[in-house]
Q: 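Sharing a structure with you now.
In listed order, ligands and their atoms are each counted from 1. In this text the structure is predicted, and so the values were computed from the model without any measurement.
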Amino acid sequence: MTDKLRVAVLFGGRSGEHEVSLQSSAAVLANLDCRAYEVMAIGIAKDGQWWLCPPEGGPREGRWWEGARRVALLPIPAEGRLYFLDEGKWGPKVDVFMPILHGPMGEDGTVQGLLELAGVSYVGAGVTGSAVGMDKDIMKKVFQAAGLPTPKHMTMRRKEWEQDPEGSAAKIMAAIGFPCFVKPVALGSSVGISMAKDKGELIKAMELAAKYHHRILIEVSAAPCQEVECAVLGNESPKASILGEIVPGGHFYDYRAKYIDDNSQLIIPARLAPATAAKVRELAVRVFQAVDCMGMARVDFFVRPDGSVLVNEINTIPGFTRISMYPKLWEATGLGFSGLLDRLIELALEHHREKGRSALFYEDET
Ligand SMILES: Nc1ncnc2c1ncn2[C@@H]1O[C@H](COP(=O)(O)OP(=O)(O)O)[C@@H](O)[C@H]1O
Ligand SMILES: [Mg+2]
């Protein structure tokens, strides 16, 4: 037996970003300190099954599920114990879960909801922060309520668009104009996002976005602008990292530029005047707190040539590959990859204790 903390990395997931998660979690597994933790890798297949990988397996292997055992985490407080479905027996207890899942069904509060019901500690935002961070429409409403600057936008339901594309296009052109960005409300990695410069492109962009979600966000383009990212770490007193800048290889930072063409540049630190950088870092912490984020998040901005700053979005489970911005920004700020993971685990345990202080049931104070 061991008295090491058992940490289970959840990878894969039922989203279009399954493959991105394999890369992120492989880097996380390679950097978790084996002297401090007993590390487990649990893969979520595209059909939703959970598989506990053998010690030598994990997301690095092409067919990672081979030799793995089917497990479940049941939505009952069971001290974090996994349940072996093949044998119908309780398995090992996990102290901290680390969901390294991107996109819907992983980063959006669904897996976090299961972890809450199971009563276990886990890294990152809870149900609310995750759900708000994944929904670009609600996220922007929260930003506006908190007085955080964001590009002018509107949301249209897919049904409305389908019933009257002509009238809907006219409405969008009057409210937003060109160039604009059209996005499915909840996805990631730029999937389903396009820029439109005229009515023909708008119609194509709306049709594409409508394939992915029943609500569509249309927003004014912030261009010309720099894309600046800030890593945030903490619970009650989150800290902002040094800033990074993305120079997309294509017209904008689309799926190809992110994962296929490999011609985008990451510049650390971002090329900003000190006062602008200070403003971005302060806004990053305010964004983190506005959505009730925990542990970690990457907050992305557009900085205009006049120094004005617009918040684009918050990512509650940012990319974690060796070349991803989140670990790189902490490295540049003085916290290496392994140290960052140690801190995230500490923060998960700390927040779990904090939640434990709240009464679950009515307590009569009279
Ligand atoms: N309003 C905008 N102005 C300028 N560029 C934008 C705007 N919205 C999105 N983009 C471009 O599209 C990319 C993806 O959009 P984003 O909203 O960040 O989606 P995702 O959640 O998929 O990353 C951004 O990184 C940026 O390059
Ligand atoms: Mg983005």
Q: Verify, without hydrogens or angle tests, whether S130 (side chain) and A125 (backbone) share a donor-acceptor contact under 3.5 angstrom.
A: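 Side chain of S130 to backbone of A125, a donor-acceptor pair under 3.5 Å: yes, one is there.
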
Q: Which bit of I193 gets closer than 4.0 Å to ligand 1, counting heavy atoms only: side chain, backbone, both or neither?
A: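 The part of I193 near ligand 1 is the side chain, not the backbone.
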
Q: Checking side-chain hydrogen bond (donor to acceptor under 3.5 Å, both in side chains) between E219 and each of H153, K140, K152, which is the one that passes?
A: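 Only one option passes, and that is K140.
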
Q: Give the numbers and elements of all ligand 1 atoms closer than 4.0 Å to a heavy atom of A222.
A: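 Going through ligand 1 atom by atom, the ones under 4.0 Å from A222 are 1 (N), 2 (C), 3 (N), 4 (C).
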
Q: Pick out which of V28, I44, L22, I42 makes a side chain to side chain contact (heavy atoms under 4.5 Å, CB included) with F11.
A: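 Looking at V28, I44, L22, I42, the match for F11 under the side chain to side chain contact (heavy atoms under 4.5 Å, CB included) is L22.
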
Q: For a distance under 2.8 Å, give residue and atom name for each protein N, O or S atom next to the Mg ion (ligand 2).
A: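 Short answer, with waters excluded from the count: E313 OE2.
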
Q: So, are E162 and R157 salt-bridged, with charged N and O less than 4.0 Å apart?
A: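 Result for this pair is no, no salt bridge flagged.
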
Q: Heavy atom to atom 5 (N) of ligand 1, shortest distance: which of Y253, F181, F252 holds it?
A: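 The nearest heavy atom belongs to F181.
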
Q: So is N312 touching ligand 1 or not, going by heavy atoms under 4.0 Å?
A: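 Right, N312 reaches ligand 1.
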
Q: Quick one: nearest non-hydrogen protein atom to atom 9 (C) of ligand 1, plus distance?
A: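 Answer for atom 9 (C) of ligand 1: K183 NZ, 3.3 Å.
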
Q: Would you say M195 touches ligand 1, if touching means a heavy atom closer than 4.0 Å?
A: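 M195 does not count as a contact of ligand 1 under the 4.0 Å cut-off.
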
Q: Report yes or no: does S241 contribute a side-chain atom to a donor-acceptor pair with the main-chain N or O of L329 at less than 3.5 Å?
A: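 Side chain of S241 to backbone of L329, a donor-acceptor pair under 3.5 Å: no, none is there.
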
Q: Nearest protein heavy-atom contact for atom 22 (O) of ligand 1: which residue, which atom, what distance?
A: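 So the nearest neighbour among protein heavy atoms is S190 N, 2.5 Å.
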
Q: Counting only nitrogen or oxygen atoms and a 3.5 angstrom limit, does N315 reach ligand 1?
A: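 No: no nitrogen or oxygen of N315 is under 3.5 Å from one in ligand 1.
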
Q: Tell me which protein heavy atom sits closest to atom 27 (O) of ligand 1, plus the residue, atom name and distance to 0.1 Å.
A: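 Heavy-atom neighbour on the protein nearest atom 27 (O) of ligand 1: E227 OE2, 2.3 Å.
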
Q: Please examine the side chains of T276 and V303, heavy atoms only from C-beta on, and report whether any two atoms are closer than 4.5 Å.
A: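 A side-chain contact under 4.5 Å exists here.
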
Q: Quick one: are F301 and L310 in side-chain contact, heavy atoms under 4.5 Å?
A: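 No; the side chains remain at least 4.5 Å from each other.
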
Q: Is P248 near ligand 1, meaning one of its heavy atoms is under 4.0 Å from it?
A: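 It does not; every heavy atom stays at 4.0 Å or beyond.
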
Q: Does any N or O atom in A223 lie less than 3.5 angstrom from one in ligand 1, N or O only?
A: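 Between A223 and ligand 1, no N or O pair is found under 3.5 Å apart.
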
Q: Answer yes or no: is there a donor N or O on one side and an acceptor on the other, between the side chain of K239 and the main chain of S237, under 3.5 Å?
A: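 Flag set: sc K239 to bb S237 pair under 3.5 Å.
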
Q: Begin from the C-alpha positions of L85 and W50 and carry the test side chain to side chain contact (heavy atoms under 4.5 Å, CB included) through to its verdict.
A: CA-CA 10 Å; L85 289 169; W50 287 35; over 6 Å; no

Q: Going by the order shown, which atoms of ligand 1 are within less than 4.0 Å of some heavy atom of E219?
A: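 What qualifies from ligand 1 is 1 (N), 2 (C), 7 (C), 8 (N).
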
